[in-house]
Amino acid sequence: MAYKNPQQKFQGKIKEVVLGEGLKLGGESVLPFYSFDGDIGNTPKVGMEVWDIPPVDWPEGLMNIIKDVADDPAKWAKFYTEKYNPDFITLRFIGANPDTLNRSPEECAEIAKKVAKNVDVPLVIAGCDSNEKNARIFTKVAEALPNKNYAFLSAVEGNYKEVGAAVGLAYGNLVVAESSVDLNLAKQLNILLTQLGVKPERMLMNPGVSSVGYGFEYVITTLDRIKLAALEQNDTILQVPIIMPVSFETWKVKESVASKEDAPEWGDREERGIAMEVSTAVGVLTAGANAVILRHPRSLDVVRGFINEMVN
Amino acid sequence: MALTGMDIYKMLPKKNCKECGFPTCLAFAMKLAQGGIEAEKCPYMSEEVKQKLSDATAPLMKTVKFGYGEKTYTLGGETVLFRHEKTFVNRNRFAVMFSDVMSEEDINGRIERMNKVSYVRINERMYVEIAAVKCESDNKEKYLGLLKKVKDECKDAVPMIINENAEIAKAAVEEVKDLGPILYGANDQNYEEMVNIAKQYNILLGVEANNLEELYKLVEKIHALGYKELILGTKAVSAKKAFEDVVNIRRTALITQDRVFGYPAAVFVNRLSKDKFLQLSYATVFVEKYASIIVLDDIDYSIALPLFALRQNIYTDPQRPMRVEQGIYRIGQAEENSPVLVTVDFALTYFIVSGEVERSKVPSWVLVPDAGGYSVLTAWAAGKLSGKSIAKAVKDFGVEEKVKTREIIIPGKVAVLKSDIEDALPGWKVVVGSEEAALLPKFLRDYISKRA
């Protein structure tokens with residue numbers, strides 16, 4: 001008997017969502033990298049993280065790379081786009097946190113405008129630890145940068161009305177719906193945003209991410225189930241591309257944080273951090289993420305190399 | 001193809017003797033078709049039918065073994081494509097590659113790094129289980145020399161003999177036969193001799209071909225020789241192709257229900273790239289998607305920490321939470337005046353809490369009582385996290401000897417436990433901590449400065 005490849009064909013298809021002026025996400029009608037089954041849609045995208053304040057506690061090698069630009073997010077973003085060519089820049093307002101500078105939404109909007117002017121890749125706007133504050137930041141930033149198709153990370157159950165109304169309805173940007181690692185919660189939030197009037201093609205989702213080793217099985221299983229529901233059962237509510245801020249999680253776990261003195265046998269801290277970031281990013285890309293956010297230029301390089309090998 | 005209950009019923013003696021424990025032969029046949037019972041239970045079945053039935057009702061993917069004693073490992077036996085359907089059961093094993101044309105220095109370096117990776121993560125020791133030893137010199141003495149060296153110096157690892165020359169392979173298996181080695185290298189030219197060696201020593205045989213079509217034909221030929229202790233691989237050198245091959249081997253077994261590919265698969269990620277981080281990328285993919293042996297060029301902690309952690313996550317039972325060992329954990333240079341925090345033994349919670357405490361840079365003690373392996377609120381609701389269980393942990397783990405402070409910090413979500421704990425722990429004061437782990441760094445810094 002001759003061998004025949006088993007193929008899996010699906011009825012459903014993930015929507016194509018445009019970030020910025022032409023960066024396309026999603027559009028696939030098969031599982032991630034299953035090009036042997038059909039159309040894998042747009043190649044997964046990789047972005048880099050830039051902060052509104054100079055970071056502390058980042059590995060020394062990385063601090064050295066950004067030392068001349070870290071106090072100016074606009075310069076920093078430009079430097080990254082010119083040097084590393086990421087698909088997008090994630091501007092994260094750590095300085096808006098009440099524990100740091102407690103920066104006002106108006107100040108955030110000014111910074112975002114400068115960064116947007118300085119780069120020609122799309123922006124993904126991320127806030128601080130407070131959902132309530134984020135709603136106010138996002139409203140001001142979206143207002144300052146209307147109809148840009150920038151993605152705002154993110155709307156959660158507690159603030160989706162404010163974020164959805166401002167970002168998605170009033171000022172023509174993309175809303176990222178964030179839930180915590182559960183298919184039903186993800187679906188519920190997508191429904192709520194849709195009922196608010198946000199168009200599905202103006203939405204992305206982050207169903208919750210963690211680092212490898214930290215309940216990551218739930219992340220993978222949630223991604224598997226979302227993609228299967230979207231493709232196999234043609235669940236249109238879940239046919240939304242997925243973006244995951246991998247770096248927000250991987251750089252705070254023990255493996256990336258422990259210094260050489262804390263764990264001498266573990267070796268170089270920067271290498272460990274990169275490895276945790278790379279493995280987590282590849283882990284979620286293989287299960288269904290359409291875009292990931294990374295911190296280290298080396299990680300960007302590796303993850304992009306990985307994607308190219310898997311699609312070409 | 002799987003048999004239905006009616007197919008099986010037709011083959012039964014139809015005596016309705018009930019000796020199998022079922023009221024009728026039909027009921028027994030139905031159960032057999034679902035795989036819930038063994039054909040052996042019927043005392044009146046002919047040998048021929050028994051054989052036919054046990055073949056037809058065997059798992060779609062065979063479970064195979066290698067190793068020896070307590071280092072015996074099982075691979076395969078998987079029943080699903082996605083872990084939410086029904087757990088991945090037999091975790092993949094990692095291998096580091098040695099070759100007899102490598103320099104002495106290279107070999108020694110790899111042995112040293114491989115032996116250095118050994119640590120405990122959530123009650124499980126992490127180390128490289130397999131030493132892949134490849135014959136490239138085609139020189140028997142040289143190869144056996146390397147094999148012996150690896151056998152002597154990598155005490156934790158079971159050897160995987162990678163060799164297509166049957167004569168050298170036989171001598172190699174003889175050399176390490178007590179360790180239950182894997183013999184990898186059966187191909188279209190040598191398969192008869194290789195099957196004979198594998199049969200003689202009853203060891204796992206790795207079968208490899210250029211592509212799935214050739215592999216399929218080769219496995220059929222090996223089946224004809226009556227050997228079924230196999231692991232499959234292809235010679236794919238692109239990541240895209242290797243991924244396609246492994247996914248399709250698994251799908252052919254489980255969806256097409258074709259037992260020719262009903263075996264676990266091996267992937268050499270070291271063939272796909274020489275870059276350490278790219279090898280890590282591919283290893284990550286193949287932990288998630290279906291490889292049972294993953295061969296790396298080399299290993300160190302930076303690669304091991306994510307890979308073993310990922311494997312531990314992926315190969316868990318979705319219905320059973322992972323638990324950490326109860327006890328008192330020291331974070332940073334905690335001493336007798338450092339804060340004492342209580343959390344639960346649900347692994348995810350413990351890791352998040354200890355990570356945030358670490359991030360705070362405030363040296364602390366983290367006390368993990370018996371909380372039934374639940375998260376904070378669930379443990380409290382189930383009565384597993386209580387004044388009594390926390391007081392018991394304080395006594396059992398000698399907290400009063402370790403610290404001078406008589407203050408204990410509890411998770412904000414279970415503030416209601418405050419008076420219970422104070423009743424159960426005379427002389428101690430309970431401080432209610434933050435509601436979320438993410439707020440712990442700030443909480444701890446405030447706590448310390450207030451106390452000072």
Side-chain angles (χ1 to χ4, degrees), chain A residues 1-6 8 31 33-36 57 99 129 210-222 224-225 228 250 252-255 257-258 262-263 265-268 271-276 278-283 285-287 298-299 301-303 305-306 309-312, chain B residues 82-84 116 119 121 212-213 215-217 220 238-240 243-244 247-248 251-252 255-256 258 260-261 272-273 275-278 280-285 287-289 300-303 305-310 312-314 316 318 322 332 347-348 351-352 354-356 358-359 438-439 442:
Chain A
M1 201 167 79
Y3 177 70
K4 196 172 164 289
N5 262 356
Q8 256 175 312
L31 292 171
F33 305 122
Y34 280 43
S35 46
F36 39 90
D57 242 14
D99 287 347
D129 278 345
S210 71
S211 176
V212 283
Y214 294 82
F216 196 65
E217 68 272 30
Y218 300 110
V219 174
I220 296 304
T221 284
T222 303
D224 281 345
R225 294 185 61 206
L228 288 172
T250 60
K252 66 180 188 194
V253 297
K254 188 171 65 186
E255 289 83 345
V257 170
D262 293 343
E265 71 283 5
W266 280 6
D268 186 67
E271 287 236 320
R272 277 185 263 130
I274 295 167
M276 291 299 282
V278 162
S279 187
T280 304
V282 167
L285 288 168
T286 304
R298 179 87 176 99
S299 310
D301 199 38
V302 174
V303 173
F306 162 78
E309 288 295 322
M310 292 295 279
V311 304
N312 294 322
Chain B
F82 301 96
R83 60 179 293 285
H84 62 269
K116 202 173 154 196
Y119 62 105
R121 187 180 201 281
L212 290 187
E213 292 71 28
L215 184 65
Y216 192 89
K217 282 182 206 150
E220 282 187 318
S238 81
K240 189 181 174 183
F243 181 66
E244 175 177 348
V247 168
N248 281 326
R251 295 199 302 194
T252 303
I255 298 183
T256 318
D258 184 341
V260 175
F261 277 171
L272 307 178
S273 171
D275 179 84
K276 164 176 162 178
F277 289 124
L278 269 173
L280 169 66
S281 301
Y282 301 136
T284 298
V285 169
V287 170
E288 281 177 21
K289 294 256 155 131
D300 61 19
Y301 269 97
S302 69
I303 299 296
L305 293 170
L307 277 184
F308 286 120
L310 172 71
Q312 202 175 35
N313 281 162
I314 297 297
T316 47
M322 288 200 295
L348 187 52
F351 275 124
I352 292 170
S354 62
E356 294 295 345
E358 214 145 331
R359 207 157 66 92
L439 302 174
K442 181 171 160 38

Could you check A:Lys252 against A:Tyr214 for side-chain hydrogen bond (donor to acceptor under 3.5 Å, both in side chains), going step by step and ending with a plain yes or no? CA-CA 11 Å; A:Lys252 66 180 188 194; A:Tyr214 294 82; over 6 Å; no
If we define contacts as heavy-atom pairs under 4.5 Å, which of A:Asn312, A:Val253, A:Leu228 has the most with chain B? A:Leu228
Contact origin within A:Val303 toward chain B - heavy atom pairs under 4.5 Å: neither
Contact class of A:Ala263 relative to chain B, heavy atoms under 4.5 angstrom: neither
Is the B:Tyr216 ring parallel, tilted or perpendicular to the B:Phe261 ring (thresholds 30°, 60°)? perpendicular
When A:Ser210, A:Gly283, A:Gly267 are compared by non-hydrogen pairs under 4.5 Å with chain B, the top option: A:Gly283
Looking only at A:Leu31, A:Asp99, A:Val257, the option with the highest number of non-hydrogen pairs under 4.5 Å against chain B is A:Asp99
If you define the side chain from C-beta out and look only at heavy atoms, does anything of A:Tyr34 sit under 4.5 Å from B:Lys289? yes
Please flag which part of A:Ser35 lies under 4.5 Å from any non-hydrogen atom of chain B: side chain, backbone, both or neither. side chain
Choice from B:Arg251, B:Lys276, B:Glu213 maximising heavy atom contacts with chain A below 4.5 Å: B:Arg251
Counting only heavy atoms closer than 4.5 Å, note whether B:Gln312 contacts chain A via side chain, backbone, both or neither. neither
A:Asn5 versus B:Glu244, closest heavy-atom pair with distance: ND2-OE2, 3.5 Å
Would you sort out whether B:Arg121 and B:Phe351 count as a side-chain contact (heavy atoms from CB on, under 4.5 Å), showing the intermediate values? CA-CA 11 Å; B:Arg121 187 180 201 281; B:Phe351 275 124; 4.0 Å; yes
Checking A:Thr280 side chain against A:Val212 main chain: does a donor-acceptor pair fall under 3.5 Å? yes
Answer key: most heavy-atom pairs under 4.5 Å with chain A among B:Lys442, B:Arg359, B:Glu356 is B:Lys442
Heavy atoms only: give me the nearest B:Asn313-A:Gly213 pair and the separation to one decimal. OD1-N, 2.7 Å
Heavy-atom proximity to chain B below 4.5 Å, by part of A:Leu285: neither
Under 4.5 Å from any heavy atom of chain B, what part of A:Asp57 do you find: side chain, backbone, both or neither? side chain
Going by side chain to side chain contact (heavy atoms under 4.5 Å, CB included), A:Val282 matches just one of B:Leu280, B:Leu310, B:Val285. Which one? B:Val285
Looking at chain A, which one of B:Ile314, B:Ile255, B:Val247 has the largest number of heavy-atom pairs inside 4.5 Å, strictly under? B:Val247
Mind ranking B:Ser238, B:Ala309, B:Ala239, B:Pro306 by heavy-atom pairs under 4.5 Å with chain A and telling me who comes out on top? B:Pro306
Could you tell me which portion of A:Val278 (side chain, backbone, both or neither) has an atom closer than 4.5 angstrom to a non-hydrogen atom of chain B? side chain
What residue, out of B:Ala283, B:Gly332, B:Ser302, has the most heavy-atom pairs lying under 4.5 Å from chain A? B:Ser302
Angle between ring planes, B:Tyr282 versus A:Phe306, binned at 30° and 60°: parallel, tilted or perpendicular? tilted
Where does the angle between the aromatic ring planes of B:Tyr119 and B:Phe308 fall among parallel (under 30°), tilted (30 to 60°) and perpendicular (over 60°)? perpendicular
